[in-house]
Chemist: 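I am attaching a structure below and will ask some questions about it afterwards.
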Amino acid sequence: MNDSILQQIYPNDSAPEENNFPRWMPEDGPYGPPIHTSIHRVRLALQLAECTSNDVVLDLGCGDGRFCVSAVFEFNVKKAFGVDSDAACISQARDALTSVASACQVPDVYTRVAFYEKDIRDTAWLERVVVDEGVSVIVAFLTPEFSRECEDWLVRVYERGVAIVAVCFDLANLKSLTLKEGFEGGVSGVDGIWVYKKSA
């Protein structure tokens with residue numbers, strides 16, 4: 001995909017630094033305010049997860065949908081699903097998908113990308129998506145509160161071979177998860193990205 005297309009669709013391409021994260025307001029919900037991930041970091045995360053045309057991606061807290069859009073249009077994954085509890089974010093994600101689909105003229109894109117307004121704490125619903133759609137990669141740019149609250153589910157899907165990509169906040173508190181080979185020994189936080197994958 002042409003960089004200029006992504007820049008047009010996602011003009012806000014600045015990722016927050018540790019010292020300038022947006023202030024957390026009560027109305028932001030239990031997992032913090034919506035924060036955009038830079039296009040550079042989106043691509044790097046999907047690259048480190050080694051996404052291919054065989055993968056199905058599930059983005060928890062998808063925001064404006066840039067992980068799903070990049071996964072399908074740049075990494076040619078089979079399908080990508082974004083979930084967010086914020087109706088405005090889901091509307092932005094769907095609008096962005098329409099814009100990219102129009103610019104790139106990919107005929108089957110609407111059968112490969114979908115966005116859902118759902119509470120990401122509904123792990124029963126998430127589990128159905130993972131099983132029914134064959135999800136192989138989960139992306140999570142969420143605070144440690146999410147990983148603690150959803151630990152049992154995250155460990156279950158990890159044990160079944162699903163790769164978990166944590167962005168900005170690692171999952172070190174989930175002792176059952178192991179960093180993917182090559183991420184050990186302090187190398188794990190490559191640009192704030194950690195990939196957890198059970199060894200074959």
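It should be emphasised that the depicted structure is a prediction, and the values quoted were computed from it without experimental measurement. Values reported hereafter were calculated over all heavy atoms of this structure, with side chains retained and with hydrogens, waters and symmetry mates removed.
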Chemist: Check for a donor-acceptor pair, side chain of Lys197 on one end and backbone N or O of Ile164 on the other, with a separation under 3.5 Å.
Modeler: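 Not a single qualifying donor-acceptor pair exists.
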Chemist: Identify the heavy atoms of Tyr158 and Ser176 that sit nearest to each other, and give their distance.
Modeler: CE2-O, 3.4 Å
Chemist: Give, for atom CG of Leu177 and atom CG of Asp170, the distance between the pair rounded to the nearest 0.5 Å.
Modeler: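 Reported to 0.5 Å precision, the distance equals 10.5 Å.
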Chemist: What heavy-atom pair brings Ala166 and Tyr196 nearest, and what distance separates the two atoms?
Modeler: CB-CE1, 4.2 Å
Chemist: Going by the angle between their ring planes, with limits at 30° and 60°, are Trp125 and Tyr116 parallel, tilted or perpendicular?
Modeler: perpendicular
Chemist: Kindly say whether Ser99 contributes a backbone atom to a donor-acceptor pair with the side chain of Ser102 at under 3.5 angstrom?
Modeler: no
Chemist: Taking 4.0 angstrom as the limit, do Arg156 and Glu159 come out as a salt bridge?
Modeler: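 Not counted as a salt bridge, because no side-chain N and carboxylate O are separated by less than 4.0 Å.
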Chemist: List the atom pairs, donor and acceptor, that lie under 3.5 Å between side-chain atoms in residues 126-137 and the rest of the protein, sequence neighbours left out.
Modeler:
from: Glu127; atom 1: OE1; to: Trp153; atom 2: NE1; distance (Å): 2.8
from: Glu127; atom 1: OE1; to: Arg160; atom 2: NH2; distance (Å): 3.2
from: Glu127; atom 1: OE2; to: Arg160; atom 2: NH1; distance (Å): 3.1
from: Glu127; atom 1: OE2; to: Arg160; atom 2: NH2; distance (Å): 2.8
from: Glu133; atom 1: OE1; to: Lys79; atom 2: NZ; distance (Å): 3.1
from: Ser136; atom 1: OG; to: Asp55; atom 2: OD1; distance (Å): 2.7
from: Ser136; atom 1: OG; to: Val56; atom 2: N; distance (Å): 3.0
from: Ser136; atom 1: OG; to: Val56; atom 2: O; distance (Å): 3.4

Chemist: Hey, could you give me the CG/CH2 distance between Leu179 and Trp194, rounded to the nearest 0.5 Å?
Modeler: 9.5 Å
Chemist: I need the minimum non-hydrogen distance between Ala93 and Gly63, along with the two atoms involved.
Modeler: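 Shortest heavy-atom separation between Ala93 and Gly63 comes out as CB-O, 3.8 Å.
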Chemist: Spell out, as yes or no, whether a donor-acceptor pair under 3.5 Å connects the side chain of Thr98 to the backbone of Arg94.
Modeler: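 Checking the backbone N and O of Arg94 against the side chain of Thr98, a donor-acceptor pair under 3.5 Å is found.
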Chemist: Give, for atom CD of Gln92 and atom CZ of Phe115, the distance between the pair rounded to the nearest 0.5 Å.
Modeler: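 Gln92 atom CD to Phe115 atom CZ measures 11.0 Å (nearest 0.5 Å).
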Chemist: If you round to the nearest 0.5 Å, how far is OG of Ser147 from CG of Leu171?
Modeler: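 If I round to the nearest 0.5 Å, the distance is 5.5 Å.
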Chemist: What distance do Leu97 atom CG and Asp95 atom CG have between them, rounded to the nearest 0.5 Å?
Modeler: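 Interatomic distance, Leu97 CG to Asp95 CG, rounded to 0.5 Å: 9.5 Å.
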Chemist: What is the minimum heavy-atom distance between Arg43 and Ser70, and which atoms define it?
Modeler: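 Shortest heavy-atom contact: CG-OG, 4.1 Å.
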Chemist: What are the two closest heavy atoms between Phe67 and Ala45, and how far apart are they?
Modeler: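 Minimum heavy-atom contact is CE2-CB, 3.8 Å.
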Chemist: For Ile90, is there any backbone N or O sitting under 3.5 Å from a side-chain donor or acceptor partner on Asp84?
Modeler: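 Not at all, since once roles are kept as given, no pair shorter than 3.5 Å links the two residues.
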Chemist: If you round to the nearest 0.5 Å, how far is CZ of Arg121 from OG1 of Thr123?
Modeler: 11.0 Å
Chemist: If you look at every heavy atom in Phe146 and Ile120, which pair is closest and at what distance?
Modeler: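 Closest pair (atom of Phe146, atom of Ile120, distance): CE1-O, 3.6 Å.
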Chemist: Taking C-beta and beyond as the side chain, do Val113 and Val69 meet within less than 4.5 Å on heavy atoms?
Modeler: no
Chemist: Kindly determine whether Thr143 and Arg148 satisfy side-chain contact (heavy atoms from CB on, under 4.5 Å), including the steps that lead there.
Modeler: CA-CA 9 Å; Thr143 62; Arg148 283 194 292 269; over 6 Å; no
